[in-house]
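Note sheet for the following structure.
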Amino acid sequence: MRSSRFFLSTLKEAPAEAELISHQLMLRAGMIRRLAGGVYTWMPIGLRVVRKVEAIVREEMNRAGAIELSMPVVQPAELWQASGRWQAYGPELLRFQDRHKRDFVIQPTSEEVITDIARAELRSYRQLPVHFYQIQTKFRDERRPRFGVMRGREFVMKDGYSFHADRADLEREYANMYATYCRIFTRLGLRYRPVAADTGSIGGTGSHEFHVLADSGEDAIAYCAASEYAANVELAEALAPPDPRPSAQEALSEVATPGRTRCEEVAADLGIALSRMVKAIALVSDESDDAVPLTASTQGTAGAGEGAAAASSDTHANDASAARTATPKLWLLLLRGDHTLNEIKAQKLAGLGAFHFANDAQIEAALACRPGYIGPVGASQSVRVIADRSVAVLADFVCGANREGFHLRGVNWGRDLPEPFAVADIRNVQEGDPSPDGGGLLQIQRGIEVGHIFQLRRKYSAALAATFLDAQGKAIEFEMGCYGIGITRIVAAAIEQNHDERGICWPDPIAPFRIAITGLGYQRNDTVRAATDTLYEQMLAAGIEVLLDDRNERPGVILTDLELIGIPHRIVIGERGLNGGTIEYQARGMTAPSAIPIADALDHIRRVLA
RNA sequence: CGGGGUGUAGCGCAGCCUGGUAGCGCAUCUGCUUUGGGAGCAGAGGGUCGGGAGUUCGAAUCUCUCCACCCCGACCA
């Protein structure tokens with residue numbers, strides 16, 4: 001391809017909207033242009049990368065026995081109503097009506113349609129197993145699209161769905177896909193890690209996420225260097241400390257800590273380890289269950305002390321915010337000063353469910369103290385105290401005194417305050433924690449989720465009555481698996497993982513062009529142009545995907561553009577080199593070019609591209 | 001959706017506080033020179049100052065309102 005017949009559009013400065021480095025580089029390299037929030041045009045150079053990723057995914061899916069089809073982006077609401085997702089999905093599901101006022105959605109995934117296909121087409125166990133997949137545009141109306149195509153609303157995903165006669169065969173295919181995904185990400189040239197994922201409400205054993213490792217990743221992955229354990233930090237269990245609670249040594253005392261509201265400050269002032277500090281996080285449940293109405297606090301009501309009755313009634317039951325503040329209960333979650341709350345784990349506490357952080361008024365109403373000095377000691381029965389496992393085994397710890405400007409030290413369970421209402425794992429694991437599988441210590445790495453495999457079981461086949469006849473002629477619901485890969489996200493993730501100060505450094509398998517060639521003074525120097533054209537034609541004849549930059553630009557412009565775009569190999573031909581019988585080759589990551597005899601040029605190129 | 005911020009030429013920004021002819025750099029176009037790392041000189045084009053309403057003799061500037069975008073928090077490929 002000649003750049004004069006292609007389309008390159010690079011920018012010196014990235015638009016201010018781009019925060020993430022991959023987003024900036026994609027805009028600067030002219031790969032994408034924004035059309036609306038989270039919606040991007042793939043420009044020619046960017047589309048080439050998308051196609052490379054798709055091709056590798058397609059090849060490996062086919063090799064693994066999956067069969068490609070393509071389902072509509074626009075899908076009728078009926079199937080979604082049948083599966084329950086019309087109600088369950090929420091505002092992320094883009095819905096609209098056609099001219100006949102019939103409801104439709106733009107697919108975020110296609111479980112319903114594929115199950116409908118299976119219901120119609122797969123009638124006998126003899127036809128199983130079958131794995132259908134598509135590479136298709138998806139739309140999810142994200143709350144907050146950001147980071148360019150990394151978290152866009154419209155994106156391309158490979159989604160596959162497998163149908164099985166029984167659980168064992170589903171698990172076989174699941175293992176097959178696990179291996180296939182590993183092959184795919186290896187072929188893409190990315191550093192990645194499969195991690196155990198939440199099976200969520202569907203249950204079952206099998207779900208793994210595949211993460212591309214990058215410091216800017218949104219997910220933190222806890223893994224064990226000594227074993228195979230790897231899980232999203234949100235899900236990794238923090239084991240209970242092995243040793244029992246020591247006995248109390250210190251007497252309870254109150255210490256003045258004016259202006260010191262953060263654990264770090266108090267620990268430093270008192271000269272104690274942060275791990276001896278206990279912080280209390282006040283939460284209010286959003287669930288309106290009727291167990292023990294605790295302290296109510298209608299916003300800012302003066303004197304709404306402990307035991308104040310819930311003020312608002314159910315007359316505004318349709319008003320979500322009113323309902324939410326109807327019967328707030330204060331939960332006090334206790335964590336060590338050096339730990340952080342895991343909100344996913346907290347959400348799973350019985351009775352807490354959906355929650356939000358208590359506001360100042362709610363905290364003052366329940367504890368008669370401003371945030372910053374709150375603690376579990378002396379809290380009324382109406383406050384539910386949950387201790388993290390690590391807090392439950394502390395003795396002689398330090399916590400807020402429920403009195404502004406004071407903390408308590410030498411606090412001991414059972415002596416100074418009742419044992420907690422419950423002890424639970426509510427913190428995020430951190431580096432150095434023991435691995436939940438007992439295999440060693442955890443380390444933490446950041447990653448970008450680019451793949452997810454899942455054993456759906458019978459959720460959709462049951463909802464949509466999708467059955468086949470087994471050998472006994474009995475109708476059986478399919479066991480289903482689903483398997484996703486974020487095609488367009490992979491493009492951004494690959495850049496996050498592979499860039500330098502000059503621009504993108506594509507892994508060879510997904511680079512928009514494998515090699516670039518340019519002649520210095522191509523447009524005005526016949527010798528250079530002839531030599532450049534000759535080698536270019538040779539490369540084309542050899543089937544090499546090459547970009548000839550023949551623009552009438554200064555060398556600096558061409559070279560910086562090629563580096564920004566990230567083409568992994570580069571040939572530069574200049575008159576000076578030609579006089580000595582050489583051309584220059586430089587890999588994108590190399591700091592200096594090497595001179596190659598013209599006669600060896602093509603062989604050399606073949607070798608580095610091999 | 002809650003909290004914060006920004007909208008001025010294709011891109012990056014100044015001007016706004018203290019109202020009075022809309023500016024700078026890059027990019028674009030023309031000419032000449034230049035040509036191994038984002039060229040120099042000379043000239044040119046390009047703006048509903050996000051939209052609407054208001055205050056005022058006069059609004060990019062002050063007020064109200066709507067919209068878009070960005071950042072921080074709760075979801076996901």
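Letters go in sequence order (proteins before strands), and every chain restarts at 1.
Under the Watson-Crick and G-U wobble criteria, each requiring two contacts below 3.5 Å, nucleotide B:G2 is paired to B:C72. Pairing of B:C16, defined by two Watson-Crick or G-U wobble distances under 3.5 Å, is not identified with any nucleotide. For B:A39, the paired nucleotide is B:U33, the pair qualifying as Watson-Crick or G-U wobble because both relevant distances are below 3.5 Å. Pair assignment for B:G7: B:C67, on the basis of Watson-Crick or G-U wobble contacts that are both within less than 3.5 Å. Using N1 to N3 plus N6-O4 or O6-N4 for Watson-Crick, or N1-O2 and O6-N3 for G-U wobble, each under 3.5 Å, B:U28 pairs with B:A44. In this entry B:A60 has no Watson-Crick or G-U wobble partner, no candidate having both defining distances under 3.5 Å.
Atom-to-atom, CD1 of A:I558 to P of B:A39 comes out at 11 Å; the value is rounded to the nearest Å. Put simply, CD1 on A:I135 is 13 Å from C1' on B:A77, counting in whole angstrom units. For A:E209 and B:C75, the CD to C1' distance is 12 Å, given to the nearest whole Å. Spacing between atom CD of A:E142 and atom P of B:A77 amounts to 10 Å, rounded to whole angstrom units. Between A:F147 atom CZ and B:C71 atom C1' there is a gap of 9 Å when expressed in whole angstrom units. The nearest whole Å value for the distance from the CZ atom in A:R144 to the P atom in B:A74 is 10 Å. The interatomic distance linking A:N552 (CG) with B:U33 (C1') rounds to 14 Å, in whole Å. Summarising the geometry, the separation between CD on A:E92 and C1' on B:A74 is reported as 11 Å, rounded to the nearest angstrom.
Put simply, A:R140 has no side-chain N or O that comes within less than 4.0 Å of OP1 or OP2 on B:C76.
Considering only side-chain atoms of A:D561, the nucleotide from B:G38, B:G36, B:G73 that sits closest is B:G38. Of the candidates B:G36, B:A77, B:G38, B:G36 carries the atom nearest the A:E584 side chain, counting heavy atoms from C-beta on. In this structure, the nucleotide among B:G37, B:A39, B:G36 sitting nearest to the side chain of A:V557 is B:A39. Side chain of A:H452, nearest nucleotide from B:U34, B:A77, B:G36: B:A77. The side chain of A:E563 lies closest to B:G37, out of B:G12, B:G37, B:G36. Taking only side-chain atoms of A:A16, from C-beta outward, the nucleotide of B:C13, B:A74, B:G36 with the closest atom is B:C13. Taking the side chain of A:K12 as heavy atoms from C-beta on, and the options B:C76, B:G37, B:C26, the nearest nucleotide is B:C26. Distances from the side chain of A:R489 to the nucleotides B:C76, B:G36, B:G37 place B:C76 closest. Each of B:C11, B:C71, B:U35 was ranked by its minimum atom distance to the side chain of A:R524; first place goes to B:U35. The nucleotide whose nearest atom lies closest to any side-chain atom of A:E343 is, among B:C75, B:G12, B:G73, B:G73.
At the heavy-atom level, A:R502 lies under 4.0 Å from base atoms of the strands shown. Here A:A18 lies out of heavy-atom contact (under 4.0 Å) with every strand. Nucleic acid contact for A:G521: none, since no nucleic acid atom lies under 4.0 Å from a heavy atom of the residue. A:R551 comes within 4.0 angstrom of nothing in the nucleic acid, heavy atoms only.
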- Task: Check the pair A:K158, A:E54 against salt bridge (Lys or Arg N to Asp or Glu O under 4.0 Å), reporting the backbone distance first and the verdict last.
- Result: CA-CA 8 Å; A:K158 186 284 295 179; A:E54 285 177 358; over 6 Å; no
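Judged by closest nucleotide on RNA chain B, A:G574 is the one of A:G574 and A:E218 placed further toward the 5' end. For A:R576 and A:E17, each mapped to the nucleotide of RNA chain B holding its nearest heavy atom, the one lying further toward the 5' end belongs to A:R576.
Proximity of a side-chain donor or acceptor of A:T41 to a complementary backbone N or O of A:M43 within less than 3.5 Å is not detected. Within the 3.5 Å criterion, the main-chain N or O of A:M71 finds a donor-acceptor partner in the side chain of A:Q134.
Heavy atoms of other residues, nucleotides or ligands lying less than 6.0 angstrom from CG of A:N579 number more than 12.
Side-chain N/O atoms of A:D561 and A:T10 include a donor and acceptor closer than 3.5 Å.
Partner A:Y178 forms a ring-ring contact (aromatic ring centres under 6.0 Å, His included) with one of A:F210, A:F454, A:F185 and no other, that one being A:F210.
Annotation for A:L188 and A:I56: closest pair CD2-CD1, 3.8 Å, computed over non-hydrogen atoms.
Side-chain atoms of A:R151 come within donor-acceptor range of the base of B:C75, with a qualifying N/O pair under 3.5 Å. Counting atom types as modelled, A:E553 pairs no side-chain N or O with a base atom of B:G38 as donor and acceptor under 3.5 Å. Donor-acceptor pairing under 3.5 Å, judged by distance alone, is absent between the side chain of A:R34 and the base of B:G10. Side-chain to base pairing of A:E13 with B:G25: one donor and one acceptor N or O lie within less than 3.5 Å of each other.
If you look at A:Y192 and A:H211, their ring centroids are not closer than 6.0 Å.
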